[in-house]
Amino acid sequence: MTNIGSYDERLEAFCWSIAEEELDYSDAETKNIGWYCSDRICRMGKSGKPALIWEGHDGTMKQYTFNDVRLASNTIGNFLKNLGLKNEDRVCLFMDKIPELYFSFLGVLKIGAIVQPLFSAFGDESLHVRLANAETKAIITQRKHVGKVRRILDQSPYLKHIIIVDYDGKHPLREREIVFNLEESIPVEEFDIFPVNTESPSVLHYTSGTTGQPKGVKHVHYSLISQYLTTKWVLDLQDDDRYWCTADPGWVTGTSYGIIGPWSLGVTQCVLDKGFSAENWYQFIEKYNISVWYSAPTAIRSLMKAGDEIVKKYNLSSLRHLASVGEPLNAEAVIWSEKVYGLPFLDTYWQTETGSIMISNFPGMPIRPGSMGKPFPGIVGTIVNTKSFEPLEIPGDIGLIAFKPGWPAMMRNYWNNEETYQSKFKNGWYIPGDRARLDSDGYFWFVGRDDDVINTAGHLVSPFEVESALLETEQVAESAVVSKPDEINMEVVKAFVTLKPGFTPSPDTELKIMNYIRKKLSPLAMPQEIEFVKSLPKTRSGKIMRRLLHAQEWGEEIGDTSTLEDED
Ligand code: WTA
């Protein structure tokens with residue numbers, strides 16, 4: 001039995017108060033997410049239940065109960081409070097996926113401060129622009145990353161405290177640095193959690209746009225309502241699950257569904273702080289009996305690339321539910337996962353700005369591979385015309401995805417950027433900036449970012465469609481399709497591809513690929529050129545950055561590249 005039961009029945013009877021009631025929201029002593037993810041779970045009798053099972057890159061394993069999480073977040077909160085930090089101050093988390101990262105997230109929230117998680121792999125400049133934009137007062141980090149903070153210190157007068165969680169005493173501390181050691185601290189049993197209200201700011205995630213500086217997306221404590229219920233109904237988390245969200249909390253998936261969602265439900269989650277390889281991942285699933293797995297298409301495609309044989313070496317029978325987010329999930333990947341794991345990856349669609357899942361394939365609902373699924377109950381979503389922002393007929397043409405504003409987890413602003421925030425609303429709709437179409441049964445089909453759609457000779461071509469076709473060939477491992485300028489057609493389609501092991505770039509390989517996809521695509525969508533590359537540019541969260549390739553083809557400026565994977 002799935003948590004959601006019947007999607008259609010939920011749709012009819014839906015009200016966000018369902019989540020409020022399940023969480024005893026109106027009677028709760030505080031609306032603080034920090035309390036909901038630890039204290040409340042202990043109070044429900046689960047204090048001894050594992051909350052976090054963690055494995056480090058060297059194989060070290062640690063396990064923490066919900067009571068451990070409660071105490072650790074109290075202790076960190078108390079430490080921050082004693083430093084003079086208070087509600088609405090921005091506190092940055094700049095750590096690998098170590099346990100302190102997860103506990104600090106709740107600790108910062110417990111004092112009413114705003115938590116600003118950033119990828120620890122960011123370089124100096126990426127770190128600096130985000131701290132400067134938020135005027136962040138404190139940063140919690142590790143020895144290995146403190147050098148970057150030191151190098152930007154002169155330009156960061158607002159940054160008062162640099163808290164190091166793994167100081168070894170070997171080198172003297174520098175200006176503004178202070179040590180916090182969780183294991184050596186006296187656990188704080190009782191802590192006065194800051195009495196936030198529903199609209200108090202909670203999390204500030206930075207997201208890169210197509211142009212300009214990254215924007216700080218401001219969320220509030222009320223986001224819990226959406227995050228709790230979407231975790232329950234879409235990820236289908238149940239009391240005895242072992243859940244693995246592969247995302248880093250530097251990305252919104254790693255907080256909404258890698259901390260708040262599972263812990264507000266009192267579910268055990270597993271974290272692997274180790275680089276990607278098919279072996280590492282399958283081993284992790286087998287060792288910890290992962291049952292629910294939330295990942296991303298690039299990872300899934302990488303697993304596809306690693307092949308079917310390796311899957312057979314591991315016992316993955318604990319898996320019962322798989323979901324994906326972040327970029328288009330090709331039909332091919334859904335079909336493949338069903339073949340090798342016996343379970344399809346269910347696609348989910350949302351954004352940093354939406355804070356929670358907006359459109360998805362629901363457990364128990366027939367899947368249409370390649371489709372993102374249907375709106376979450378309570379979310380009014382449609383497709384609007386790109387100029388008038390009026391809803392299009394259904395089924396209909398490609399248009400912009402649009403949502404009626406007002407769900408609990410929606411961003412409340414971009415930090416110090418009201419103008420860009422306002423520009424996201426048109427004709428009473430929130431416009432995420434993606435193109436899609438709706439079929440007659442209400443399933444959404446992703447086409448591309450608003451600025452990625454290729455208009456060739458007046459015909460709109462979805463890069464996703466071409467990429468999916470390429471992925472179906474036996475040669476192609478990964479693909480990215482962009483437009484390139486053309487005198488006659490304005491734009492034509494160009495494909496960048498990486499090849500699977502055993503294939504080499506050659507005119508013959510190109511011909512074989514072309515001959516295969518010709519059968520799949522309309523002649524207008526056929527690439528004019530296939531360029532073989534060793535790797536494709538990706539963001540830290542694993543998304544292929546088509547826009548870099550697009551800019552390269554058009555001779556344009558690249559814009560913000562701060563989340564590029566290979567930047568140090
Ligand atoms: C894209 C991610 C296709 C989309 C949680 C969106 C997707 C942007 C999907 C948000 C999906 C996300 N299919 N595209 N299932 N999910 N996207 O803010 O363009 O990092 O607007 O948040 O990723 O990316 P963000």
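Whatever order the structure lists them in is the order used to number ligands and atoms, beginning at 1.
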To the nearest 0.5 Å, what is the distance between [atom1] on [X] and [atom2] on [Y]?
X: Y430; Y: M410; atom1: OH; atom2: CE; answer: 6.0 Å
X: Y222; Y: E199; atom1: OH; atom2: CD; answer: 9.0 Å
X: D236; Y: H321; atom1: CG; atom2: NE2; answer: 5.5 Å
X: I379; Y: S360; atom1: CD1; atom2: OG; answer: 10.5 Å

> Can K404 be said to sit on top of W429's aromatic six-ring, NZ or CZ under 6.0 Å from centre and within 45° of the ring axis?
Replying inline: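 Yes, K404 lies over the aromatic ring of W429.
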> Under the criterion salt bridge (charged side-chain N to carboxylate O under 4.0 Å, His left out), which of K543, K538, R301, R546 is the partner of E327?
Replying inline: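 Answer after filtering K543, K538, R301, R546: R301.
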When you pair each N or O of ligand 1 with protein N or O atoms, which pairs come out under 3.5 Å?
unit_1, atom_1, unit_2, atom_2, d
ligand 1, 13 (N), E327, O, 3.3
ligand 1, 15 (N), D347, OD1, 2.8
ligand 1, 15 (N), D347, OD2, 3.4
ligand 1, 15 (N), T348, O, 2.7
ligand 1, 16 (N), G326, N, 3.2
ligand 1, 17 (N), G326, O, 3.3
ligand 1, 18 (O), T352, N, 2.8
ligand 1, 18 (O), T352, OG1, 2.6
ligand 1, 19 (O), D434, OD1, 2.7
ligand 1, 19 (O), D434, OD2, 3.3
ligand 1, 19 (O), R449, NH1, 3.3
ligand 1, 20 (O), W251, NE1, 2.9
ligand 1, 20 (O), K543, NZ, 2.8
ligand 1, 21 (O), Q351, NE2, 3.1
ligand 1, 21 (O), D434, OD2, 2.5
ligand 1, 21 (O), R449, NH1, 2.9
ligand 1, 22 (O), T352, N, 3.3
ligand 1, 23 (O), G326, O, 3.2
ligand 1, 24 (O), K543, NZ, 2.8

